[in-house]
Amino acid sequence: MNASSRGLDLDRIVAVLGEASVALEILGENPFKVRAYAGAARALDALDADLDTLIAEKRLTDIKGIGKGLAEKIVDLRRDGADPEIDLLMRRVPSGIFEMLAIPGFGPKKAKAVWEKLGVTTVGELEYACNENRLIELPGFGEKTQEKILVGIRALARYAGRRLRARAADEAARLLAFVESHPSVVRAAVAGSFRRGLETVKDIDLVASSADPTAVMAAFVKADGVEEVIGAGSTKASVRLASGLQADLRVVGDDEFPHTLHHFTGSKAHNIELRSYAKKKGFALNEYALTRGDETIRVADERELYATLGLAYIPPELREGHGEIAVAARGGRPWSDLIAPADITGIFHCHTVASDGKNTLEEMAAACRDRGWAYLGVSDHSRAASYAGGLSIDELARQGEEADRVMERFPGLTIYKGIESDILPDGSLDYPDDVLDKLDFVIASVHSGFVADEKKMTDRIVTAVKNPFTTMLGHLTGRLLLTREGYPVNVPKIIEACAEHRVAIELNANPHRLDLDWRHLRAAVDAGVVIAVNPDAHRIAGLDHVAEGVMAARKGGLAPRHVLNAWAPAAVAQWLKGKR
DNA sequence: GCCGTTTTCGGCCCGACTGTTTTCAGTCG
């Protein structure tokens with residue numbers, strides 16, 4: 001059953017519930033009701049089942065954090081695009097208020113105050129009121145608050161948004177090395193969403209242990225690249241780097257380090273759940289220690305922390321509050337078998353100068369050999385992709401001959417001959433069957449003709465999946481992180497089709513894509529679909545994106561057995577043959 | 001508004017830092 005065209009998609013429903021939670025807070029409603037709305041938004045965001053199915057089967061309340069009341073509202077949002085009670089609620093708060101909350105240090109309570117006492121309802125009006133010196137009159141506000149808000153409004157414009165994890169990696173490594181180099185530091189680590197391997201990050205969190213936190217703090221706020229000190233206490237400091245990124249450092253005693261590292265690795269949802277769980281077991285957990293009554297329980301590392309609570313070790317990548325604690329508590333999968341970069345045995349999906357790549361096939365082959373890989377699947381663009389120099393039938397044949405010559409020069413390296421074939425608007429591929437039949441593999445991808453109609457796009461992709469020559473489905477949603485939403489598709493339906501027709505799904509490892517999203521990977525492998533971690537390399541350096549793809553695969557809970565290009569080379573060859 | 005191996009009421013994670021306050025509220029993670 002599909003929702004009518006007025007209905008909201010899952011992402012929008014998550015956003016509406018989140019805004020409703022903020023509205024409730026601004027209106028001074030019961031804080032636990034506020035939390036319930038926020039919790040429901042989080043739970044839906046983590047959902048990997050099909051929303052329409054859950055609604056049809058009346059199983060929304062099976063989701064932890066969603067009860068009778070919120071289930072009804074979610075049904076309304078999905079079916080009608082609106083819920084009467086939420087509409088009423090949102091009408092009570094001017095929309096500009098929500099934008100003001102992005103100002104650092106400016107939360108719901110302050111928003112309520114400027115709105116009620118000064119009639120300020122937009123960021124622009126707020127800036128004006130600050131310049132007119134009108135905020136300092138308000139109770140709880142003062143000179144410094146007003147100044148901070150002004151600075152914050154300017155920072156909003158300059159530093160808006162998140163950035164790709166891969167883009168923050170160098171800065172994170174540099175800061176970690178700096179902290180570790182301090183003579184009093186015993187242990188240090190990067191924490192936060194970066195450590196959890198999230199595809200985008202807002203800041204860099206660092207945790208260190210030292211007998212002299214004050215000295216570490218003093219050094220940190222003067223580190224290279226620090227442009228502004230946002231806050232600095234005796235154990236915690238926040239700075240703004242020249243790159244616009246924020247970095248936070250927490251320094252504790254070495255006994256406390258595992259707890260602090262765990263706390264600041266998060267996620268918030270994971271921590272909340274773990275603390276509730278600990279409490280039920282008679283423990284109390286905070287960022288410094290695990291206690292039971294008067295007894296403080298010391299642990300050497302995070303493994304011991306989980307073990308003491310009677311849980312399997314949960315790697316950082318899986319700490320998203322997506323049900324991992326329940327699995328660990330049941331004695332479920334221990335996750336010691338998560339895929340690692342060293343498990344990769346070769347790669348598919350690379351481009352060469354024949355279409356829009358920057359290196360020749362021979363150069364790419366040498367680079368794969370240098371990385372210790374056993375095979376390389378070349379897949380330039382197809383002839384419909386004229387914008388990318390797609391290959392004609394003749395050019396494709398010539399590339400096949402070139403591949404044979406290159407293979408002779410690199411003993412031990414297999415080159416699989418393939419193509420990234422455009423999925424045309426009607427779902428067909430853009431070469432005749434006899435051409436496709438000569439190839440070792442075919443990646444089918446949508447590159448043009450994006451439409452906003454979910455059913456049309458889903459049908460188009462499913463048609464391509466049914467094509468007997470399709471080996472893998474490329475970047476399933478077409479999203480570009482921080483740039484462009486993916487086209488609307490019914491992912492569960494496409495996963496089902498791939499399982500039925502034995503088509504692998506690509507996890508495109510380009511940091512801008514990481515598509516299919518890790519949130520869907522578990523459902524895919526549970527359905528029996530094989531995942532291929534593909535670099536989609538357009539130059540030699542692009543091959544190393546496979547590491548980002550492996551991180552995303554870990555977040556999806558994948559083991560080497562789930563990933564085609566982590567299999568032994570002979571098994572990969574066998575699987576490709578089985579497709580033909 | 002949600003939840004339940006103390007279950008239909010009475011709880012709901014916890015602490016640092018800031019700025020405004022003479023004891024704490026608000027924000028953030």
What is the separation between atom [atom1] on [X] and atom [atom2] on [N], rounded to the nearest whole Å?
{"X": "A:Lys280", "N": "B:dT7", "atom1": "NZ", "atom2": "C1'", "answer": "12 Å"}
{"X": "A:Tyr277", "N": "B:dC3", "atom1": "OH", "atom2": "P", "answer": "19 Å"}
{"X": "A:Lys109", "N": "B:dT20", "atom1": "NZ", "atom2": "P", "answer": "18 Å"}
{"X": "A:Asn286", "N": "B:dA16", "atom1": "CG", "atom2": "P", "answer": "8 Å"}
{"X": "A:Lys268", "N": "B:dA16", "atom1": "NZ", "atom2": "C1'", "answer": "14 Å"}
{"X": "A:Glu29", "N": "B:dC12", "atom1": "CD", "atom2": "P", "answer": "21 Å"}
{"X": "A:Lys73", "N": "B:dG1", "atom1": "NZ", "atom2": "C1'", "answer": "8 Å"}
{"X": "A:Lys236", "N": "B:dC28", "atom1": "NZ", "atom2": "P", "answer": "11 Å"}

Exercise for the section: Under a 3.5 Å limit for both distances, which nucleotide forms a Watson-Crick or G-U wobble pair with B:dT8, could you say? Expected result: none
Problem - Given DNA chain B, 5'-ward residue of the pair A:Gln146 and A:Ala111, judged by closest heavy atom - result: A:Gln146
Handout entry: 5′-ward residue of the pair A:Glu25/A:Leu285 relative to DNA chain B
Key = A:Leu285
Is the distance from OP1 or OP2 of [N] to the nearest side-chain N or O of [X] less than 4.0 Å?
{"X": "A:Lys202", "N": "B:dG29", "value": "yes"}
{"X": "A:Lys279", "N": "B:dC12", "value": "yes"}
{"X": "A:Ser238", "N": "B:dC28", "value": "no"}
{"X": "A:Tyr288", "N": "B:dA16", "value": "yes"}

With no hydrogens and no angle check, do the side chains of [X] and [Y] hold a donor and an acceptor under 3.5 Å apart?
{"X": "A:Arg319", "Y": "A:Ser267", "answer": "no"}
{"X": "A:Glu125", "Y": "A:Thr121", "answer": "yes"}
{"X": "A:Ser184", "Y": "A:Asp212", "answer": "no"}
{"X": "A:Glu273", "Y": "A:Asn271", "answer": "no"}

Heavy atoms under 4.0 Å, any strand shown: does [X] hit a base, just sugar-phosphate, or nothing?
{"X": "A:Pro31", "value": "nothing"}
{"X": "A:Asn271", "value": "nothing"}
{"X": "A:Ala232", "value": "sugar-phosphate"}
{"X": "A:Leu138", "value": "nothing"}
{"X": "A:Glu143", "value": "sugar-phosphate"}
{"X": "A:Ile136", "value": "nothing"}
{"X": "A:Pro139", "value": "nothing"}
{"X": "A:Thr235", "value": "sugar-phosphate"}

Of the nucleotides [options], which one has an atom closest to the side chain of [X]?
{"X": "A:Lys110", "options": "B:dG1, B:dT27, B:dA16", "result": "B:dT27"}
{"X": "A:Lys148", "options": "B:dG19, B:dG29, B:dG1", "result": "B:dG19"}
{"X": "A:Asp203", "options": "B:dG29, B:dG1, B:dC17", "result": "B:dG29"}
{"X": "A:Lys144", "options": "B:dT20, B:dC12, B:dA16", "result": "B:dT20"}
{"X": "A:Thr145", "options": "B:dT27, B:dG19, B:dC3", "result": "B:dG19"}

Considering only the [atom1] atoms, how many Å lie between [N] and [M], rounded to the nearest integer?
{"N": "B:dG26", "M": "B:dT20", "atom1": "P", "answer": "14 Å"}
{"N": "B:dT6", "M": "B:dG11", "atom1": "C1'", "answer": "12 Å"}
{"N": "B:dT18", "M": "B:dT23", "atom1": "C1'", "answer": "15 Å"}
{"N": "B:dC12", "M": "B:dC17", "atom1": "C1'", "answer": "25 Å"}
{"N": "B:dT5", "M": "B:dG1", "atom1": "C1'", "answer": "24 Å"}
{"N": "B:dC3", "M": "B:dT8", "atom1": "P", "answer": "16 Å"}

Problem - salt bridge (Lys or Arg N to Asp or Glu O under 4.0 Å) partner of A:Glu199, chosen from A:Arg519, A:Arg165, A:Arg167 - result: A:Arg519
Exercise for the section: Flag the pair A:Asp517 and A:Arg479 as a salt bridge only when some basic side-chain nitrogen lies within less than 4.0 angstrom of an acidic carboxylate oxygen. Expected result: yes
Exercise for the section: Flag the pair A:Lys555 and A:Glu320 as a salt bridge only when some basic side-chain nitrogen lies within less than 4.0 angstrom of an acidic carboxylate oxygen. Expected result: yes
Problem - Donor-acceptor pair (no angle test) under 3.5 Å: A:Asp205 side chain, B:dG29 base - result: no
Handout entry: Ring centroid separation A:His262 to A:His270 under 6.0 Å
Key = yes
